[in-house]
Amino acid sequence: MKSAVTEAYSLNFDPQTKVLSIGGEMVMDTVPPMLKQAKQLLNDADKIEVDLQQVTRSDSSGLALLIDLMRHANGSVKEVRFRNMPKQMLAIANASGLEEFLPLGD
């Protein structure tokens, strides 16, 4: 398992299950380093499932991170799916019209 952990957030990628688990805060201060680390963790994966169950707080920056992960994956022919999206993030996606573009799972 590959990991990146700070006080504010955690990223854990299991190459066996191809699940990236994100925990903690997905906010303006944490998203830039989180995105950089997530891209590094996912470089070798052909299919990615992003589990957001452990996210404690998010703003529109968190949604931007998901969109950037989709762009990164699409640039390298990878499949991305998001599961356990927090209610606040779903509300932002719905209000901005992005919910229909996000590949959501259970």
>> So does E25 get a backbone contact from the side chain of T30, meaning a donor-acceptor N/O pair under 3.5 Å?
In response: yes

> Just by modelled atom types, is the G24 backbone N or O under 3.5 Å from a matching donor or acceptor in the T56 side chain?
Replying inline: yes

> When hydrophobic residues are tied together by side-chain contacts of less than 4.5 Å, even through go-betweens, does V19 share a cluster with L66?
Replying inline: no

Flag side-chain contact, heavy atom, 4.5 Å: [X] against [Y]:
{"X": "Q54", "Y": "I22", "answer": "no"}
{"X": "L11", "Y": "L41", "answer": "yes"}
{"X": "S96", "Y": "L63", "answer": "yes"}
{"X": "L35", "Y": "H72", "answer": "no"}
{"X": "K47", "Y": "V80", "answer": "no"}
{"X": "M34", "Y": "M26", "answer": "yes"}
{"X": "S60", "Y": "M28", "answer": "no"}

In Å and rounded to the nearest 0.5 Å, what is the [atom1] to [atom2] distance from [X] to [Y]?
{"X": "L102", "Y": "L69", "atom1": "CG", "atom2": "CG", "result": "11.0 Å"}
{"X": "Q53", "Y": "M85", "atom1": "CD", "atom2": "CE", "result": "13.5 Å"}
{"X": "F101", "Y": "M70", "atom1": "CZ", "atom2": "CE", "result": "9.0 Å"}
{"X": "L98", "Y": "I67", "atom1": "CG", "atom2": "CD1", "result": "4.5 Å"}
{"X": "I48", "Y": "T17", "atom1": "CD1", "atom2": "OG1", "result": "12.0 Å"}

>> Show the nearest heavy-atom pair for residues S58 and Q88, with the distance to one decimal.
In response: N-NE2, 2.7 Å

> Among V27, V31, V50, whose side chain to side chain contact (heavy atoms under 4.5 Å, CB included) with L65 holds?
Replying inline: V31

>> Check this for me: does any side-chain nitrogen of one of D46 and K18 sit under 4.0 Å from a carboxylate oxygen of the other?
In response: yes

> Salt bridge between E49 and R81, side-chain N to carboxylate O under 4.0 Å?
Replying inline: no

> Does K39 NZ have over 12 foreign heavy atoms under 6.0 Å away?
Replying inline: yes

> side chain to side chain donor-acceptor pair (under 3.5 Å) between Q37 and Y9: does it pass, once the steps are laid out?
Replying inline: CA-CA 11 Å; Q37 292 167 348; Y9 68 88; 2.7 Å; yes

>> As a quick check of understanding, evaluate side chain to side chain contact (heavy atoms under 4.5 Å, CB included) for R83 and L104, giving each step before the final call.
In response: CA-CA 6 Å; R83 70 178 187 201; L104 300 176; over 6 Å; no

